[in-house]
Structures are given as structure tokens and as C-alpha cells.
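All values derive from a computational prediction rather than experimental measurement. Counting convention: from 1, in listed order, for ligands and their atoms alike.
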Amino acid sequence: MSSYIIEGGKKLQGETFVSGSKNASLPIMAASVLNRGITKLYNVPNIHDTQMMIEILKSLGCKVKKNQNKVVIDSSNISKFEIPEHLMRQMRSSVIFAGAILGRYGKVIFSYPGGCDIGSRPIDLHLKGFEKLGVTINKSFGKIICETEEIKPTEISLDFPSVGATENIMLASILAKGTTKIINAAMEPEIIDLQNFLNKMGAKIQGAGSNIITIQGVSRLKDVSYNIMPDRIEAGTLLVATAITGGEIKLKKVNINHIIPIIDKLIESGCKIQLREHEIDIKAPKRLKAVDIKTMPYPGFPTDMQSIIAAMLCIANGTSVIVENIFENRYKYLTELQKMGAKVKIEGKTAIIKGCKKLYGTKVQATDLRGGASLLLAGLAAKGTTNVENIEYILRGYENLNDKLNNLGAEIYLIKS
Ligand code: EPZ
């Protein structure tokens with residue numbers, strides 16, 4: 001596994017930009033199987049997870065051409081409706097293909113997506129939604145076989161506003177004969193991007209961004225071109241990287257409306273922030289102030305930013321309390337931060353961080369995507385050299401993050417192994 005060697009203590013300065021959203025790209029790429037035609041996507045981040053989606057599209061029989069951040073998908077001749085097990089296992093979010101393939105073909109076979117280091121990641125809400133849509137579900141030898149003569153439009157109330165379950169139910173009901181309603185739907189901006197994409201493809205969906213989404217089934221879909229929204233978690237990561245290093249940057253190509261809770265917490269911690277249309281200027285204070293964090297479904301503070309802001313709070317003045325309300329095991333990275341000198345106590349879903357003046361470089365291990373990003377940011381601020389191992393996790397979700405940070409004055413070396 002590869003690693004980053006980081007020489008800490010450099011203040012980030014200059015300007016950079018936000019790439020396309022990983023979590024908007026994945027469902028939109030899966031949705032391209034619905035139109036049995038040509039889908040042109042722009043601003044797709046060039047990362048491991050989008051490459052995996054391309055592999056799955058090709059395994060289903062699609063023709064896919066990628067040129068940097070442009071992906072062209074021809075789904076005219078899909079010949080299979082089974083998601084290959086080895087690809088499912090590598091990326092749990094490939095479960096998003098289930099709704100799209102079901103919506104088009106009425107049958108899909110996939111294996112249980114692997115859990116990962118942030119929790120068990122069940123898919124019970126996805127499967128309950130499919131059953132409510134009239135889909136029969138059989139499980140054998142770790143495979144899940146879903147099939148139906150036709151999708152039956154209905155009203156589905158989600159026990160929890162699951163992002164993936166909301167997306168899968170939307171995709172499965174696009175071509176149904178009638179109207180489906182999702183109650184207690186997830187309200188994340190990526191759901192709005194998916195609705196905008198699908199409506200451009202000829203679907204009739206309303207309500208994304210609210211907790212009630214209505215999908216009026218259509219009989220035909222058409223070729224579509226679409227520009228993916230900016231990645232709000234990458235935006236937050238670059239802002240926190242500036243805060244933790246005491247730097248000052250301009251961040252471009254950002255959708256400010258998607259990151260209000262993150263901006264509010266950075267201001268509360270003492271950062272000076274100026275907002276303009278699609279641009280943010282941030283200047284860090286001499287010493288950051290401790291702040292409390294509670295992760296919540298959107299529009300609350302995003303769980304994906306929990307580990308990232310925690311790195312910053314390790315060197316803030318005072319004690320911060322974090323409550324992780326979304327995933328049951330999203331504190332593994334804290335053990336690694338403790339090796340760098342962080343003063344942290346975990347009590348159930350609460351982490352108490354006593355800010356100290358300095359972190360110290362050492363060898364640490366990434367265990368998941370956002371936990372890995374947290375360790376990278378801690379290394380930027382730490383005294384001395386930090387070696388973050390298993391950075392393949394980070395490469396899954398960030399496009400050229402080390403290059404972007406080095407262009408702002410960081411000193412990060414990628415050691416491939
Ligand atoms: C999406 O995951 C994101 N991934 C995650 O980002 C993000 O953390 C999460 O939403 C929450 O915002 C993508 O969009 C590809 P959920 P998803 O279904 O859809 C429980 C990142 O770092 N749940 O909203 O898997 C689940 O266990 C990734 O970019 C069920 O119990 O999240 C969790 O506790 C990490 N049953 C909670 O709901 C289900 O059937 C939220 O899960 C589904 C979910």
C-alpha cells in the first residue's frame with residue numbers, strides 16, 4: 001500500500017479549486033443505465049471510486065470513454081444485470097446500481113456490499129423500499145436476487161433518511177407506470193443533483209432537497225449531458241487544511257450553499273471568511289478556538305467532515321466535544337491521532353478532544369477515506385515528519401489532493417509501493 005510523507009509546519013497560501021462531487025457522480029453514473037442511450041458527464045472527479053463505477057458499467061455491457069473529467073457512457077446494449085461480486089466488495093456504494101438496473105430491467109443480482117471501517121453499513125432500507133415497489137427478494141449464497149414483472153408505484157416512508165436508499169428508490173421507480181412518493185427522504189445536495197440529472201434525461205421528479213420526493217413514472221428517457229456539482233466534502237477538507245496550518249487561501253468553484261454548517265464552525269473557531277459567488281476567502285487565526293460538533297443528516301453538520309474537523313480541534317485552544325450520530329464506528333482514526341500527541345477520550349458516540357499546542361509527526365495508518373484525510377491534515381500541522389500509510393483510502397475520494405495541497409505550499413511526497 002502507498003503512503004504520504006508529510007513535512008509539517010507549512011502555512012497553506014494561494015488559491016485552489018474544488019473538483020466534481022464523488023457522492024453526486026456515483027449515483028448519476030449508475031443512473032446512466034436507465035436511458036439505453038448516450039450519457040455525457042462533465043466535471044466527474046478522476047478518482048478510484050469513479051473508475052470502479054466505469055468497470056461495473058463495462059461489465060454490464062456499456063461502452064465507456066473517459067477523458068480526464070469527461071465520461072461518455074453508451075448504455076444501448078446492456079447484456080447483464082448482475083453486479084460482479086469482486087467489484088461490489090471493493091466499493092459498497094456500487095449497491096446504487098441495484099435501483100437503476102431494477103428500474104430498467106425488473107431484475108438485478110448483487111452480493112451484500114462489504115461493510116467498511118465506519119460501520120456495518122446495512123442495506124435493509126434499500127431492500128424494504130424495493131419490496132414496497134413490488135420486487136421479490138431472494139437471498140442465496142451471499143447473493144441477493146431482486147425481480148419483478150413490473151415496478152408498482154407506491155408511497156414509501158423511510159425509517160431513517162438514508163442517502164443511498166433514497167437514491168435507489170428514485171432510480172427504481174423512474175419508469176414505473178404511476179407515481180411513487182418517498183417520505184422522510186434524505187435531503188443531501190447530491191440527491192438534488194441526481195434529480196436534476198434524471199429530469200434532464202426525461203424523468204419527472206420533484207421535491208429533492210426536501211424530505212418528500214415525488215417520482216412520476218415516464219415511459220421514455222433520452223440522451224443527456226450533465227455537469228456534476230462541486231464536492232462539498234472536498235471543499236470542507238481544503239478549508240480545514242488552511243485552518244489547521246494557520247494559512248490563508250482562496251477556494252474557487254465551490255457551492256457555498258452546500259457547506260453552511262462547515263463555514264459556521266470555522267468562523268466559530270476564529271477563522272475570517274469572505275463569501276462570494278462560488279468563491280471563499282479564508283484566513284486562519286493565530287490559535288483556533290475549540291468548538292462542539294454534532295453530526296446530523298443534511299442540512300446538519302456532515303458526518304463525512306467529522307474526522308476532518310477533529311484533526312483541527314486537536315490543536316485548538318480548549319476542549320471540544322464531538323457527537324457522531326450517523327455511523328456507529330467512525331472514530332478509528334482517533335487512535336492514530338493519539339500517536340501524534342492528540343489528547344482524546346471516546347465515550348460511546350462522543351469524542352472529547354482536549355486541544356494541545358502541537359502534534360508531532362510519526363507513522364500512522366489510514367483506515368478509511370475521511371479518517372485518512374484527517375491524518376493527512378494532522379501531518380500538515382504537525383512538527384516534524386508524518387508517514388500516513390494505506391493512502392489508497394484517500395485516493396478513493398479526493399482528486400489530486402496532495403498536488404492541490406503542495407501547490408498551496410505543503411510538502412507532501414507520495415511513496416508508491
Ligand atoms: C452516503 O452513504 C455517502 N456515500 C457517505 O459518504 C455519507 O457518509 C452518508 O451518505 C451519510 O451522509 C455516498 O454517497 C457514496 P446512508 P450511504 O444510507 O448512502 C444507516 C464518504 O466518505 N442505514 O445515509 O451509505 C447506515 O448504517 C461516504 O464519502 C441503515 O441502517 O449512507 C448509517 O448509519 C462515507 N440501513 C446511516 O443509515 C440502510 O439500508 C446513514 O447511511 C441504509 C443506511
With a 3.5 Å cut-off and no angle check, do the side chains of Ser19 and Asn43 form a donor-acceptor pair?
no
State whether the shortest distance between N or O atoms of Ile326 and N or O atoms of ligand 1 falls below 3.5 angstrom.
yes
Any N or O of Val163 that comes nearer than 3.5 Å to an N or O of ligand 1?
yes
If we count only N and O atoms by modelled type, under 3.5 Å, do the side chains of Lys66 and Gln51 hold a donor and an acceptor together?
yes
Nearest option to atom 23 (N) of ligand 1, as decided by whichever heavy atom of Pro122, Ser307, Gly397 sits closest
Pro122
Under 4.0 Å between heavy atoms, the region of Arg370 that gets near ligand 1 turns out to be side chain
Does any N/O atom on Lys22 come nearer than 3.5 Å to any N/O atom on ligand 1?
yes
Polar-atom distance check: Asn23 versus ligand 1, any N or O pair below 3.5 Å?
yes
Are any of the N/O atoms on Leu125, whether in the backbone or the side chain, positioned under 3.5 angstrom from an N/O atom of ligand 1?
yes
Is the NZ atom of Lys181 crowded by more than 12 outside heavy atoms at less than 6.0 Å?
no
Find all atoms of ligand 1 within a distance of less than 4.0 Å from any non-hydrogen atom belonging to Arg92, and give their numbers and elements.
25 (O)
Can you check whether Ser162 has an N/O within less than 3.5 Å of an N/O in ligand 1?
yes
I need the contact type for Asp124 against ligand 1. Using non-hydrogen atoms and a strict under-4.0 Å cut-off, is it side chain, backbone, both or neither?
both
Charged tip of Arg370 within 45° of Tyr398 ring normal and under 6.0 Å:
yes
Do the side-chain N and O atoms of Glu392 and Ser2 include a donor-acceptor pair separated by under 3.5 angstrom?
yes
Contact (N/O only, under 3.5 Å) between Phe327 and ligand 1
no
With a sphere of 6.0 Å drawn around NZ of Lys250, does it hold more than 12 non-hydrogen atoms of other residues, nucleotides or ligands?
yes
Can you check whether a protein heavy atom sits less than 4.0 angstrom from atom 20 (C) of ligand 1?
no
For Arg330 and ligand 1, answer yes if some heavy atom of the residue is under 4.0 Å from a ligand atom, otherwise no.
yes
Is it true that the side chains of Gln306 and Thr295 contain a donor and an acceptor less than 3.5 Å apart?
no
Is the side chain of Asp368 donor-acceptor paired with the backbone N or O of Gly371 at a distance under 3.5 Å, no angle test?
yes
Quiz item: cation-pi between Lys139 and Tyr112, 6.0 Å / 45°:
no
